[in-house]
Amino acid sequence: MKQVNYKTIFNDIFLELKPIEKKGAPASYIPELCNVDPDKLGIHLSNVDGEHFYQGDSEERFSIQSISKVFSLALAIRVIGQKLWTRVGVEPSGSAFNSLVQLEHEEGIPRNPFINAGAIVVCDVLITYLQDPKQELLDFIRKVADNPALQYKQSVAESEMMTGDRNKALIYLMRDFGNIHNDVEQVLDLYFYLCSIEMNCRELARSFMFLATHGMDQSSGEMIVSPSQAKRINTVMQLCGFYDEAGEFSFKVGLPGKSGVGGGIVALHPGKYTVAVWSPRLNGKGNSYMGMKVLELLTTKTEDSIF
Ligand code: GLN
């Protein structure tokens, strides 16, 4: 493998992006997400050999929001396998993460598990099949992160519960089409808690490592998902991880990844590394403005993407 000096590359990227560091704004539709310094910027890259490279605010925890939808998807696939795909699709949505329009046309079957509607259906599935869904989901995230201390953040979940009218509209529409099988309040509760998890860039990079190692946990050797399931999750990230900007991210970065409105982005290079970036200012599509640029420069400067 070509030897890359990530430390120098991160330095160069941070310097190069300095002039645009004030572009974009943090998400304000979830009030708790405004309580963050918008100028934070951190990156942590972990390779499959256990080496770590980082820069900036990489140790500070933030709300990972929709990045968690990769964990709920992985757990649902573990629990019900292929059957999941009768409830949710695998196509890019080409529309906003909280759009209602497509859902009406497609009769309550969300395009993919990473738009809000899709993740809500995944939560509904977990409630059907798990005994203690909230705890088992948290346990699963702790397992892939190799960190038993991770917690849901109640204030963020409650903040979203109070203001999440659009998510409520999505779930009622899907229930009308017969694609929600459990109590609406319970499903939304699991969804909002799922989105409330906090991690820092190092923890995020660790928790996505199983997807860079064909489904296997880096330290225990346990199979979290099968190689074929890891392939599918990575494919869905590649196609749908950035909502109506998934094409743009693929075009510029060339890695599978997932964003969240907390300003985090995780991307991975199967067989090589995982990388997490955090910068709370978002672009118009709800993805981290700087985060997208940092990753674009990373794969450009290293001349290494999956393509
Ligand atoms: N919790 C957020 C919501 O439901 C997640 C959105 C996101 O991170 N894109 O709107």
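In listed order, ligands and their atoms are each counted from 1.
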Practice task
Report the nearest protein non-hydrogen atom to atom 10 (O) of ligand 1: residue, atom name, distance rounded to 0.1 Å.
Solution key: Y29 OH, 2.5 Å

Handout entry: Close side-chain approach of R206 to Q218, heavy-atom, < 4.5 Å
Key = yes

Practice task
Look at atom 6 (C) of ligand 1 and say which protein heavy atom is nearest, naming residue and atom and giving the distance to 0.1 Å.
Solution key: S66 OG, 3.1 Å

Practice task
Please could you name the atoms of ligand 1 that G260 approaches to less than 4.0 Å, counting only its heavy atoms?
Solution key: 8 (O)

Practice task
Measure from NZ or CZ of K7 to the centre of the six-membered ring of F10, then state whether that distance is under 6.0 Å and the direction lies within 45° of the axis.
Solution key: no

Handout entry: Atoms in ligand 1 with a heavy atom of C195 nearer than 4.0 Å
Key = 1 (N)

Practice task
Could you tell me whether some N/O pair between V261 and ligand 1 is separated by less than 3.5 angstrom?
Solution key: yes

Practice task
Before accepting this row, confirm whether a basic side-chain N of the pair R175/D183 lies closer than 4.0 Å to the acidic partner's carboxylate O.
Solution key: no

Practice task
Please state whether Y243 comes within less than 4.0 angstrom of ligand 1, counting heavy atoms only.
Solution key: yes

Exercise for the section: Measure the distances from the heavy atoms of N167 to every atom of ligand 1 and state whether one is below 4.0 angstrom. Expected result: yes

Problem - K143 bridged to E222 by N-O distance under 4.0 Å - result: yes

Exercise for the section: For atom 3 (C) of ligand 1, find the nearest protein heavy atom and state the residue, atom name and distance (0.1 Å precision). Expected result: E160 OE2, 3.0 Å

Problem - Nearest option to atom 2 (C) of ligand 1, as decided by whichever heavy atom of R166, K258, Q65 sits closest - result: Q65

Exercise for the section: Mind running salt bridge (charged side-chain N to carboxylate O under 4.0 Å, His left out) on K134 and D189 for me, showing each step along the way? Expected result: CA-CA 9 Å; K134 216 162 161 179; D189 181 72; 2.8 Å; yes

Practice task
Walk me through it: do F208 and F71 pass the test ring pair (Phe, Tyr, Trp, His ring centres under 6.0 Å)?
Solution key: CA-CA 9 Å; F208 272 64; F71 303 133; 5.3 Å; yes

Problem - Contact check: Y191 vs ligand 1, nitrogen or oxygen atoms, below 3.5 angstrom - result: yes

Exercise for the section: Given salt bridge (charged side-chain N to carboxylate O under 4.0 Å, His left out), test E203 with R61 step by step and report yes or no. Expected result: CA-CA 9 Å; E203 291 166 334; R61 283 190 171 163; 2.6 Å; yes

